[in-house]
Amino acid sequence: MQYFEERDGKLIFRYNGETVQVEAWGQDSLRVRSRVLGEISEECSALTEEVAVHDAVISIQGEDSAEITNGRIKAVLYRHCLLYTSDAA
């Protein structure tokens, strides 16, 4: 089973019916969204302001973990639904 994927500069994680999406959101920040039993919609969102586009670096380590880095922040997702963030500097 594939838990992690990279799509359009976003890190997508699927496990046990939940979808979690992490993406760069401005400088040195990440946006995290999730949904149970469905895909995440781009039309329904609490954050509506425009932000500067930043390219995140995404690395998937097989089926166990993946990470996304945007400037000075990094998030690591583990297969068992743990999310860890740190200063990437």
Side chains of [X] and [Y]: closer than 4.5 Å at any heavy-atom pair?
| X | Y | result |
| --- | --- | --- |
| R14 | E5 | yes |
| E63 | Q2 | no |
| Q21 | R31 | no |

Quiz item: Transitively linked via ILVMFWY side-chain contacts under 4.5 Å: I58 with I12?
Solution: no

Heavy-atom closest contact ([X] atom, [Y] atom, distance):
| X | Y | result |
| --- | --- | --- |
| E39 | R35 | O-NH1, 2.9 Å |
| F4 | A66 | CD2-CB, 3.6 Å |
| Y78 | S65 | CD2-CB, 3.8 Å |
| N70 | S29 | ND2-O, 2.7 Å |
| Y3 | R79 | CE1-CD, 3.1 Å |
| A56 | A24 | CB-CB, 4.0 Å |

Quiz item: In this structure, which one of I60, L30, V76 forms a side-chain contact (heavy atoms from CB on, under 4.5 Å) with I68?
Solution: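 Testing each of I60, L30, V76 against I68, the sole residue satisfying side-chain contact (heavy atoms from CB on, under 4.5 Å) is L30.
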
Quiz prompt | No-hydrogen, no-angle side-chain donor-acceptor test under 3.5 Å, Q61 and S59 | solution = yes

Quiz prompt | Spacing of E67 atom CD and L77 atom CG [to the nearest 0.5 Å] | solution = 10.0 Å

Practice problem: Hey, could you give me the CG/OG1 distance between D55 and T69, rounded to the nearest 0.5 Å? | Solution: 13.0 Å

